[in-house]
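Take a look at the structure below.
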Amino acid sequence: MAEIVPLGEAIARLVHDGDAVALEGFTHLIPHAAGHELIRQGRRDLTLIRMTPDVVYDQLIGMGCAEKLVFSWGGNPGVGSLHRFRDAVENGWPAPLELEEHSHAGMAAAYAAGAANLPFGVLRGYRGGDLPARTRVATITCPFTGEELAAVPAQRPDVGIVHAQQADRHGNVQLWGITGVQKETVLASTRAIATVEEVVDELEPRPGAVVLPGWVLDAVSPAPFGAHPSYAHGYYERDNDFYVAWDAISRDRDRFQSWMERHVLGTGDVTQYRASLAQEAAAA
Amino acid sequence: MAEIVPLGEAIARLVHDGDAVALEGFTHLIPHAAGHELIRQGRRDLTLIRMTPDVVYDQLIGMGCAEKLVFSWGGNPGVGSLHRFRDAVENGWPAPLELEEHSHAGMAAAYAAGAANLPFGVLRGYRGGDLPARTRVATITCPFTGEELAAVPAQRPDVGIVHAQQADRHGNVQLWGITGVQKETVLASTRAIATVEEVVDELEPRPGAVVLPGWVLDAVSPAPFGAHPSYAHGYYERDNDFYVAWDAISRDRDRFQSWMERHVLGTGDVTQYRASLAQEAAAA
Amino acid sequence: MSRNGVTADEVMAVEAARRLRDGTVCFVGIGLPSIAANLARHTHAPECVLIYESGTIGAKPAELPLSIGDGELAETADAVVPVPELFAYWLQGRRMDVAFLGAAQIDRHGNLNSTVIGDYGAPRVRLPGAGGAPESALSARDVFVMLRHSQRAFVERLDFTSSVGENVRVVITDLGILEPRDGELTLVALHPGVAVEEPIAATGWPLKVADDLRETPPPTDAELTVLRGLRTKGQDDSRH
Amino acid sequence: MSRNGVTADEVMAVEAARRLRDGTVCFVGIGLPSIAANLARHTHAPECVLIYESGTIGAKPAELPLSIGDGELAETADAVVPVPELFAYWLQGRRMDVAFLGAAQIDRHGNLNSTVIGDYGAPRVRLPGAGGAPESALSARDVFVMLRHSQRAFVERLDFTSSVGENVRVVITDLGILEPRDGELTLVALHPGVAVEEPIAATGWPLKVADDLRETPPPTDAELTVLRGLRTKGQDDSRH
């Protein structure tokens with residue numbers, strides 16, 4: 001049964017240096033507040049897992065939290081490069097970043113295998129390109145037809161972190177809109193944290209919703225606006241301007257560091273983070 | 001794009017003698033009307049596939065439509081045996097019935113593999129019992145851990161048939177409540193038919209619904225009360241008395257045959273079938 | 001059959017319910033397991049989580065369901081998931097604390113037969129088949145078997161092994177309780193008013209009896225009140 | 001760059017849209033593919049089915065999305081499915097008629113690089129990576145590539161092969177149209193006002209030119225009106 005606890009406490013208790021951590025979200029409901037808390041608490045040597053690492057992973061990488069990245073597409077959607085990710089891969093700054101690179105289909109199959117407690121996932125993929133020589137993929141033969149397919153090792157993160165719209169007071173969590181690979185992330189992980197926009201008395205069933213019973217989660221932490229600059233369907237829109245602005249902020253090491261110091265290290269939670277951004281915008 | 005056509009036409013065009021046909025439904029939304037139409041049109045040598053064959057499969061088997069049954073649990077839920085199924089297996093009446101027997105987990109993995117266009121599904125199962133020696137299952141070794149798991153051949157029916165609450169005029173279909181393995185059945189099948197309670201102007205999104213776009217279906221056929229004696233969530237309840245009554249009707253070959261002649265062969269569609277049942281009930 | 005005004009089914013349901021703790025995640029079928037789990041939910045274990053094969057997770061039926069696919073299970077569930085997901089993510093994913101199983105036959109190791117009586121290729125009685133049992137028996141943490149005691153059911157040798165007994169923790173019968181001791185199902189308790197000779201006579205192998213054989217505490221009035229309240233809402237016959 | 005008041009992006013979007021038939025199921029990314037598919041949907045192919053990687057099936061956005069995960073895609077979709085289901089049942093299940101791909105580099109066989117410039121282990125430029133491209137390239141019936149023509153992009157040898165070209169049916173550039181002929185991408189059409197020397201000069205291998213080289217019909221006023229109506233609703237820069 002999930003306990004409803006402050007985010008700082010959830011991260012302190014459940015995420016340790018050296019853990020493999022997946023903060024998932026497919027454009028929607030990206031757990032930024034949880035990522036910021038990892039940075040504030042100075043986690044190190046993390047293996048970061050995500051299909052589509054974007055700004056929050058750029059921040060974690062740039063702040064030296066990550067030792068390895070397992071991913072399938074690492075960019076700033078609609079904008080371009082992730083400069084901190086590139087700087088780590090191209091120049092080893094602030095530290096070298098080991099890569100385990102997959103395709104989306106491979107990552108999705110690996111998460112699904114993890115959720116299903118299987119050691120590998122099977123797919124028609126990874127054929128013909130250069131990626132197989134650079135990643136963990138194997139050939140598996142169908143015992144009935146003799147056909148050869150690709151096998152990927154299951155993703156089994158130490159900690160899975162997702163952001164959702166709502167939890168009830170028992171820690172049951174509901175997310176809706178684009179739900180991506182979040183259910184699989186929670187079920188594949190040894191420990192799981194959900195941050196939520198709000199805690200409500202009762203979860204109203206919604207079309208297309210994913211419900212995560214409280215008993216598959218270790219902690220539920222309120223984090224209103226905790227997906228910003230990503231969005232929460234029904235709560236707030238994507239801050240497209242922020243993604244564009246991030247390109248310039250992240251391009252320069254010093255500017256990146258002072259931005260992180262001011263808005264993340266210099267704040268204690270998502271409310272203060274938003275106030276800090278608002279203050280900067282008002283001064284501009 | 002699915003055509004909206006009368007059920008008789010859909011069955012005549014899309015189901016042929018000798019086909020492997022899955023009429024799926026997990027207690028809820030069982031496509032009885034479609035099964036009756038297969039009987040009326042005298043289909044023969046069918047391989048019938050279903051996780052939970054119940055009354056409609058008992059009827060198809062007893063009427064000599066089936067050559068083989070692929071299944072995981074064949075009973076009259078809440079009542080007991082399927083007498084026509086038993087008579088076919090135990091006594092070869094009206095014809096011998098070849099069995100390919102699986103567990104639920106194996107069938108579910110096989111349908112999912114079929115929907116995903118994989119030749120096999122993988123699961124932790126079939127270990128230690130007598131079933132593996134009697135069915136199609138193989139051992140597969142994880143290329144990463146060396147662990148041995150079970151592989152089942154994908155289910156790829158020639159025709160998948162499901163019953164749903166609603167279609168819109170473009171042939172998009174929506175079902176809700178317990179949705180079982182119906183999406184997988186449709187996507188795993190070469191051809192697919194959905195019978196529906198009604199055709200509506202617009203599908204209203206509903207919690208827990210499965211939507212099948214019209215372009216994955218070959219035919220959509222209106223069949224109000226087409227699940228009877230099963231139920232359609234939001235439309236009508238399960239006819240529990242019928243399931244109990246079926247035990248006596250099906251126990252005796254002659255009584256079974258005269259029942260089928262009167263209510264199925266003697267009627268042209270689901271409306272007439274219901275009228276025939278009502279007439280009999282009124283006379284009793 | 002009734003002793004002291006309590007039926008065998010009632011004793012079995014109460015004994016099963018008592019073994020469920022608050023928050024236990026149970027994979028239940030229709031009939032006695034469903035009754036037991038709902039009894040637990042209405043007495044000492046309100047947060048007991050009921051999962052039915054039809055994909056209903058956290059079902060909270062007010063009335064006992066007649067089939068695993070009853071609409072009320074879907075309406076009261078925390079989530080309804082597709083059947084392939086249920087078996088892959090929730091059962092195989094080891095989310096089930098307890099799975100209840102029944103069978104036509106059981107052997108001393110807790111292996112079960114729900115497939116055929118006689119030879120598989122030419123059976124005397126073709127049973128419905130294993131359904132969800134084989135993987136429940138492998139992937140649930142604990143397996144609870146509920147089965148009436150008889151020489152036909154408790155056999156020296158199964159006609160067919162549908163599921164394996166390695167995770168069977170308890171067998172609850174109408175006469176008493178069996179638990180594995182040194183790899184063999186052993187009589188550890190008798191229901192009130194049952195003589196030890198009865199289960200021995202109803203078992204097709206030489207049944208071992210525990211040195212510390214005890215008597216199961218009779219159903220309390222509170223348990224019976226809730227249980228009979230549950231039962232009257234459903235129908236009399238709800239076998240699966 | 002604009003010729004006759006029509007930008008290169010507009011010509012590319014129109015050429016791509018024209019290749020979609022009514023009812024075509026398209027796997028689209030953000031940017032030009034999304035623009036092209038929505039243009040088709042608003043002109044000759046109203047039943048064209050748009051599927052985005054985020055799991056939105058049959059999305060009908062009124063405004064062009066800025067990311068593949070925009071809320072409007074979910075709100076207007078026939079169904080939103082989990083990402084693992086999208087890749088397993090819908091892409092690998094061969095439900096996609098057309099997949100649009102872009103890349104940093106292409107070779108004469110339609111193989112694409114979206115991974116690195118330079119050596120994989122020590123890249124000069126680390127690109128975002130392949131994302132959904134490798135399996136789109138294998139499982140979609142037809143692959144349409146949209147890519148601006150330059151020596152940097154149309155290369156003799158890829159720095160890295162992210163996806164294979166076996167299903168590439170057409171490459172739509174800002175200068176013309178390439179199609180595979182005898183296993184090699186061949187210039188089959190030039191956009192209005194483009195000289196044949198331009199794509200040859202912008203290609204890093206000796207570009208074959210079809211004997212029946214034709215000129216693409218210029219965008220019609222109707223196409224441009226719809227296209228510009230679409231574009232003004234979004235933002236100027238919507239690369240992915």
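Contact annotation for A113(B): neither backbone nor side-chain heavy atoms come within less than 4.5 Å of a heavy atom of chain D. For chain B, the nearby part of I57(D) is the side chain; its heavy atoms alone come within less than 4.5 Å.
Between W176(B) and Y235(B), the angle of the ring planes lies from 30° to 60°, which puts this pair in the tilted group.
With respect to R43(B) and D19(B), no salt bridge is recorded, no charged nitrogen being found less than 4.0 Å from a carboxylate O.
In this structure, R95(D) is not positioned above the aromatic face of Y89(D) in the sense of NZ or CZ being under 6.0 Å from the six-membered ring centre and within 45° of the axis.
For H28(B) and Y231(B), the distance between ring centers is under 6.0 angstrom.
Contact tally against chain D (heavy-atom pairs below 4.5 Å) for L187(B), V210(B), V211(B): the top residue is L187(B).
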